[in-house]
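Per chain, numbering begins at 1; letters A, B, ... match sequence-line order.
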Amino acid sequence: MTNAGGQSYKPSVNMGNNSMINVRTRFAPSPTGFLHIGGARTALFNWLFTRHQGGKFVLRVEDTDQARSTEESTKAILDAMTWLGLNWDEGPYFQAERVSLHREMVQKLIQEGKAYYCTCTPEALEEKRKQALAAGKKPKYDGTCREKNLGKTAGSVVRFRGAQTGVTIVEDLIKGNISFNNEELDDLIIERADGYPTYNFAVVVDDALMNITHVIRGDDHVNNTPRQILLYQALGFDVPKFAHVPMILGADKTRLSKRHGATSVMAYKEMGYLPEALVNYLVRLGWAHGDQEIFSLQELVDVFSLEAVGKSPAVFNPEKLLWLNAHYIRQSAPEKLLDLMKDFWPAPAVGKDAEFVKKVILDLRTRSRTLAEMAAAADFYFADKLDYEPEAAQKFLLPEAAVYLKEIAQKIPAVENFTREGIEEFLKEYAQEKGIKLKIIAQPLRVALTGKAVSPGIDEVMVTLGKERVVKRIRDAAAWITANK
RNA sequence: GGUCCCAUCGUCUAGUGGUUAGGACGCUGGCCUCUCACGCCGGAAACCGGGGUUCAAGUCCCCGUGGGACUACCA
């Protein structure tokens, strides 16, 4: 399964450059929840970089935490990727299915003396950690089993024998060179007591075996990177290029989480956001191309580069996302919106004539920031009988207006040119005849037609509704005034 | 605590030693107008602080300060 159903994007790079043609990247989510905003941006950057370079984008599910991984999460993540249009070329591979490979590599390191069995219990380690912390020292594995040359026993784990001197330099495509003293790195566990590899080991083995050339991931991983580089070297693999993208923060500048509102990509779909809006918003978090704000996916593929990714974290701003979403709704063809709106319309809208619904969409297109907003604003188009908003009715459905409404209802059947222009002309002439401002009749008419004080232009509404419904609604309003005032 | 990263309007950002520090969201004044929205024109709003380097620093260096990440038999 490679969800190649997405459209294809042509790489914009000079294919004559042989070193670039073999770019391979991966997105490696752990299936312990839905795809969230941060993960989506990481996936997007990977995808854009890869498509720009004409490389291969691999999807790998990191499910070695057997206790927390679920199939539903895997499906939810793939669905979200597909919705965003981030198609992958290989995978999804499942890390848990590759444990024999990982174990092989663990054994290799043990045989070469680069890893060793450790029988320290979690409890003992936790105790030592506490003590170290209390004494103001660094909580680091103390090497109890390092030189014991232990064999495998029940409950034993395997630790990597890390270098204790020297410096490891991470050459990061976004952050530049970052150096770490190896003495800061402790002997990390690479195989757990349950026989499963730990993250830091499994990523290295898998990335190496899958020939990943560029590891693009969140910068919460920078501190893991030197250990991983040491692992690559111990295993005799080439070290890939790294690019650590800054985190996305909430309004309070802490790491984005549920506390800050919706963080699930699919929650945005359900709220009526378009994938192109989310993609456009996400890509501008930490990346810019001069002053440009609006980008199509193909445009992004053309101009995206890791060099232009900023180093500092970005605060997630829902207002700007909303603006972009409104923009993309405005830009969308009515046919497309007709399709998208199927999941959003209120019950009375289902089964209505497509041409009529399309007109409704056209009326509302510049006035809706989300599809859900559009649906909410559209209720009056589909209602058989209007409920007048109390404040609107009180202010505009008055006895003096009833006179005008009745006359207008009477004259409308004779309006030949029942278009926006024709209707506007008719109403202006009527107002002139009466010696009043258009305003005087527009608001009562609006309430009569929509039940609200705020709506699309009354000419638009009238055209969409059609003469018959218009006449009926105006008469209903006049009758309502007689009955209630 | 230790290690590492980061720092331009409220927010996202442009800026690569010499600019009236630009754009966008949001806010706001006006125009358009049947309300609202769209659109158009205008406004307020920023280089964290201190030292250097330099004729010249938002841009380079150092030190502070502030924020963030990691510090698991999670990923």
Determine whether a donor-acceptor pair (N or O, by modelled atom type, separation under 3.5 Å) exists between the side chain of A:N280 and the backbone of A:F295.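 Answer holds: yes.
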Is there a donor-acceptor pair under 3.5 Å between the side chain of A:Y273 and the backbone N or O of A:L322? no
Considering only the [atom1] atoms, how many Å lie between [N] and [M], rounded to the nearest integer?
N     : M     : atom1 : answer
B:A21 : B:C48 : P     : 15 Å
B:G50 : B:C55 : P     : 22 Å
B:A46 : B:G15 : C1'   : 13 Å
B:A45 : B:C9  : P     : 14 Å
B:C12 : B:C47 : P     : 16 Å
B:A69 : B:A75 : C1'   : 14 Å

| task | Not counting sequence neighbours, which residues clear side-chain contact (heavy atoms from CB on, under 4.5 Å) with A:N417? List them please. | result |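 side-chain contact (heavy atoms from CB on, under 4.5 Å) check on A:N417 returns A:T419.
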The Watson-Crick or G-U wobble partner of B:U35, with both key distances under 3.5 Å, is none
Mate of B:U16 across any strand shown (Watson-Crick or G-U wobble, both atom pairs under 3.5 Å) is none
Look at [X] together with [Y] and state whether they make a salt bridge at an N to O cut-off of under 4.0 Å.
X      : Y      : value
A:D459 : A:R420 : yes
A:K336 : A:E276 : yes
A:E62  : A:R26  : no

*asked:* Taking the side chain as everything from C-beta on, heavy atoms only, tell me whether A:T74 gets closer than 4.5 Å to A:F94.
replied: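 Yes, their side chains come closer than 4.5 Å.
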Identify whether any heavy atom of [X] sits under 4.0 Å from a base atom; if not, whether one sits that close to sugar-phosphate; answer base, sugar-phosphate or nothing.
X      : value
A:F180 : sugar-phosphate
A:V157 : base
A:G286 : sugar-phosphate

**OP:** For the residue pair A:F304 and A:F45, categorise the inter-ring angle as parallel (less than 30°), tilted (30 to 60°) or perpendicular (more than 60°).
**Re:** tilted
Here the residues of residues 63-74 of chain A within 4.0 Å heavy-atom distance, strictly under, of RNA chain B are A:T64, A:D65, A:R68
Could you check A:F49, A:F57, A:F27, A:W47 and say which one makes a ring-ring contact (aromatic ring centres under 6.0 Å, His included) with A:H214?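 Only match with A:H214 under ring-ring contact (aromatic ring centres under 6.0 Å, His included): A:F49.
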Which comes earlier along RNA chain B counting from the 5' end, the contact point of A:R255 or that of A:E62, where each point is its nearest nucleotide?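 The answer here is A:R255.
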Which of A:D387, A:V461, A:V360 passes side chain to side chain contact (heavy atoms under 4.5 Å, CB included) with A:F380? Answer is A:V461
- Query: Atom CD of A:E123 to atom P of B:A72: distance rounded to whole Å?
  - Reply: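 To the nearest whole Å, that distance equals 15 Å.
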To the nearest angstrom, the OH-C1' distance between A:Y141 and B:U71 comes to 17 Å
Readout for nucleotides 18-38 of chain B: B = base within 4.0 Å of protein heavy atom, S = sugar-phosphate only, - = neither; 5' to 3' it is ----BBBBS-------BBBBS
| task | Taking only the side-chain nitrogens and oxygens of A:K311, find out if one of them lies under 4.0 Å from OP1 or OP2 of B:C6. | result |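 Yes, within the criterion.
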